[in-house]
Amino acid sequence: MARARNKRSDDKGSNDGREAGRGARRGQASAEAVVEPVDGGLAQLLPDRDRARAWTLLIDGAPQSHVDLDDPAYLSFEYQRRLGHVIDLVAPPGKPVHAVHLGGGALTLARYTAATRPRSTQQVVERDAALVQLVRRELPLDPNARIRVRSMDAREGLAKVPDGWADLVIADVFSGARTPAHLTSVEFVTDVRRVVKASGVYAANLADGPPLAHLRGQIATVATAFPELALVADPTVLRGKRFGNAVLVASGHPLPITELTRRAASDPHPGRVEHGKELTDFTGGATPVTDAAAVASPAPPPSVFR
């Protein structure tokens, strides 16, 4: 394992206070980045100089996750905050849930769920076994958290989940910076629907840029299995002005649109929620994607990670 000193922080969030920020910086002043090859490329864990025990995970230079071991309810990345809103709204506050996370990264959202909904039962499916070992060693989980991690392909892991088991399924799977093709199809979403309870929710982190053909196709694809949909994203992404993340939320029951809209609008980088006719119009007649025609999500331009 090679180690290199960190030269920057990837945390865009604000400090909890001037003195707390100074203390955090002192706490991380001598911390070193962990650099280690994993199955998916070169992993880097970079210490956050503004938060005492927080780290950012990158794979081949692409930011994947941010974790604060002292405050697992803190979500730094924009898209993870939006997925945090979905976790908050999937059931009454604090109520334990059954959750499946397709894609683990640094286990940020599983940690968040465990912190905000104690006694939840969670399954994480992360194909990169070497990454799982690295995260467990350097960013250990709370031993009381009921989180089971399976090192296998997301569709293979999903197939092992019983029918109607999950209150929530979150898909956040990237190979490098692209979602693999076999996780973008009607067949994949149909199996997600099998796993989700009648009142449960599916949420997917999607990445796309102009002309947003991938994003529109994913909305049409998820609509084949779930009648209720909402899309949360930065308005500039929705207008096709830049490459970025969008969170697609789906359910068999009406979604809490009003509260989701309020929360997204109050984020440090406010998001917009599209649903109903506006979302149908945004989809623009895109057709669902099948396994036979599926392709990976588009690669982001190099400028995204600069």
Side-chain angles (χ1 to χ4, degrees), residues 1-36 38 41-88 101 103-116 131 134-142 145 172 174 177 205 207 232-234 236-237 242-245 247 263-271 300 303-306:
M1 177 178 64
R3 291 179 183 265
R5 290 197 179 276
N6 181 35
K7 299 184 183 301
R8 65 183 178 88
S9 168
D10 285 86
D11 178 12
K12 306 297 190 232
S14 61
N15 294 330
D16 292 333
R18 187 180 300 273
E19 292 305 317
R22 288 174 180 166
R25 284 190 288 274
R26 285 195 298 270
Q28 289 284 71
S30 62
E32 294 183 329
V34 179
V35 181
E36 186 168 315
V38 295
L42 186 66
Q44 295 173 280
L45 286 173
L46 304 182
D48 183 336
R49 294 181 181 272
D50 292 324
R51 302 181 74 88
R53 296 180 67 230
W55 301 79
T56 298
L57 169 68
L58 292 83
I59 304 291
D60 287 341
Q64 303 288 327
S65 304
H66 179 276
V67 169
D68 188 332
L69 297 178
D70 288 334
D71 183 9
Y74 174 79
L75 299 176
S76 174
F77 286 7
E78 182 179 288
Y79 85 87
Q80 289 184 329
R81 282 195 298 271
R82 288 169 185 161
L83 288 169
H85 299 327
V86 176
I87 294 168
D88 292 343
H101 303 265
L107 308 178
T108 304
L109 293 170
R111 297 172 201 264
Y112 179 87
T113 304
T116 59
L131 176 61
L134 171 65
V135 169
R136 284 188 177 276
R137 185 184 71 236
E138 300 290 339
L139 309 175
L141 286 166
D142 180 344
D172 184 17
F174 287 83
N205 175 34
V232 191
D234 186 298
T236 60
V237 173
R242 69 173 178 87
F243 194 99
N245 295 83
V247 171
R263 290 176 181 237
S266 66
D267 280 339
H269 299 283
S303 60
V304 168
F305 301 128
R306 289 177 184 167

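Note that the coordinates shown come from a computational prediction; the quantities given were computed from them, not determined experimentally.
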Problem - salt bridge (Lys or Arg N to Asp or Glu O under 4.0 Å) against Arg136, all qualifying residues, sequence neighbours excluded - result: none
Exercise for the section: Please list, chain by chain and in numerical order, all residues satisfying salt bridge (Lys or Arg N to Asp or Glu O under 4.0 Å) with Arg111, sequence neighbours excluded. Expected result: none
Exercise for the section: Keeping the roles fixed (side chain from Asp60, backbone from Leu42), state whether a donor-acceptor pair exists under 3.5 Å. Expected result: yes
Problem - Ala62 backbone acceptor or donor facing Gln64 side chain under 3.5 Å - result: yes
What I'd like to find out is whether the side chain of [X] reaches to under 4.5 Å of the side chain of [Y], using heavy atoms alone.
X: Val67; Y: Val135; result: no
X: Asp267; Y: Arg82; result: yes
X: Val237; Y: Arg242; result: yes
X: Arg51; Y: Tyr74; result: yes

Handout entry: Parallel, tilted or perpendicular: ring planes of Phe77 versus His66, cut at 30 and 60 degrees
Key = tilted
Practice task
Identify the residue among Asp71, Asp70, Asp48 that makes a salt bridge (charged side-chain N to carboxylate O under 4.0 Å, His left out) with Arg53.
Solution key: Asp70
Handout entry: Nearest non-hydrogen partners of Pro72 and Leu69, listed with the distance
Key = CD-O, 4.0 Å
Exercise for the section: List the atom of Asp234, the atom of Glu78, and the distance in Å for their closest heavy-atom pair. Expected result: CB-OE2, 4.2 Å
